[in-house]
Amino acid sequence: MTSKIINWGIIGAGKIATKFATDLNAVPNCNFYAIASRHIEKAETFKNQYNANVAYGSYEELVKDNTIDAIYIATPHSFHKAHSTLCLKHNKPVLCEKPFAMNLQEVEAMIQLSKETNTLLMEAM
Ligand SMILES: NC(=O)c1ccc[n+]([C@@H]2O[C@H](COP(=O)([O-])OP(=O)(O)OC[C@H]3O[C@@H](n4cnc5c(N)ncnc54)[C@H](OP(=O)(O)O)[C@@H]3O)[C@@H](O)[C@H]2O)c1
């Protein structure tokens with residue numbers, strides 16, 4: 001029996017992203033495919049350090065990559081709604097760092113968009 005390889009993208013090359021990337025490299029059937037940072041040099045460094053395939057200098061470029069199966073959001077929580085929305089609008093399943101968002105209204109809007117797009121949205125606990 002063969003299993004599909006899940007190609008992961010990460011948004012935000014900060015502290016917790018380094019832990020996630022390290023662990024991802026140890027999980028069978030997962031490939032750390034792409035990292036997106038607001039700065040391409042930072043993305044390139046992260047890519048090389050954690051063995052990703054692709055580095056992007058913007059989050060918008062990453063969500064448009066058709067190779068990506070799932071996206072881990074590792075930005076500050078004040079951006080979780082905006083970055084989850086960006087992913088879901090491109091039908092990319094989301095694993096979003098905790099806290100999920102700033103308040104109940106943001107979380108409800110995120111869940112609503114997940115339902116509308118029929119795309120998985122999950123908090124990383
Ligand atoms: N699950 C856990 O146990 C756990 C542990 C620690 C943190 N967290 C959560 O994970 C999230 C990230 O935490 P972290 O410690 O990794 O933070 P961090 O080191 O500051 O990294 C956050 C990254 O977000 C990106 N970013 C986008 N817009 C930003 C802005 N305006 N200001 C600062 N950064 C911005 C940056 O990446 P680029 O420059 O590459 O774009 C930055 O490196 C937070 O929500 C935090 O609560 C969870």
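Atoms within a ligand are numbered from 1 in the order they appear, just like the ligands themselves.
Protein heavy atom nearest atom 12 (C) of ligand 1, with residue, atom name and distance: A74 O, 3.5 Å. Nearest protein neighbour of atom 1 (N) of ligand 1, counting heavy atoms only, is E97 OE1, 2.8 Å. Looking only at protein heavy atoms, the nearest one to atom 7 (C) of ligand 1 is I16 CB, 4.1 Å. Ranking protein heavy atoms by distance to atom 9 (C) of ligand 1, first place goes to K98 O, 3.2 Å. Protein heavy atom at the shortest distance from atom 20 (O) of ligand 1 is K15 NZ, 4.8 Å. When hydrogens are left out, the protein atom nearest atom 28 (N) of ligand 1 is R38 NH1, 3.4 Å; that is the closest non-hydrogen contact.
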What do the steps show when you test E108 against Q112 for side chain to side chain donor-acceptor pair (under 3.5 Å), and what is the final call? CA-CA 6 Å; E108 285 178 342; Q112 180 63 30; over 6 Å; no

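Contacts with ligand 1 closer than 4.0 Å are made by no heavy atom of F46, backbone or side chain. For A43, no heavy-atom contact with ligand 1 is shorter than 4.0 Å.
The heavy atom nearest to atom 24 (O) of ligand 1, out of those in C96, S78, G14, P76, is found in P76. One option in Y59, Y72, F100 has a heavy atom closer to atom 27 (C) of ligand 1 than any other, and that option is Y59.
The closest donor-acceptor contact from the side chain of T45 to the backbone of E41 lies under 3.5 Å.
Checking atom 43 (O) of ligand 1 against the protein gives a heavy-atom contact under 4.0 Å.
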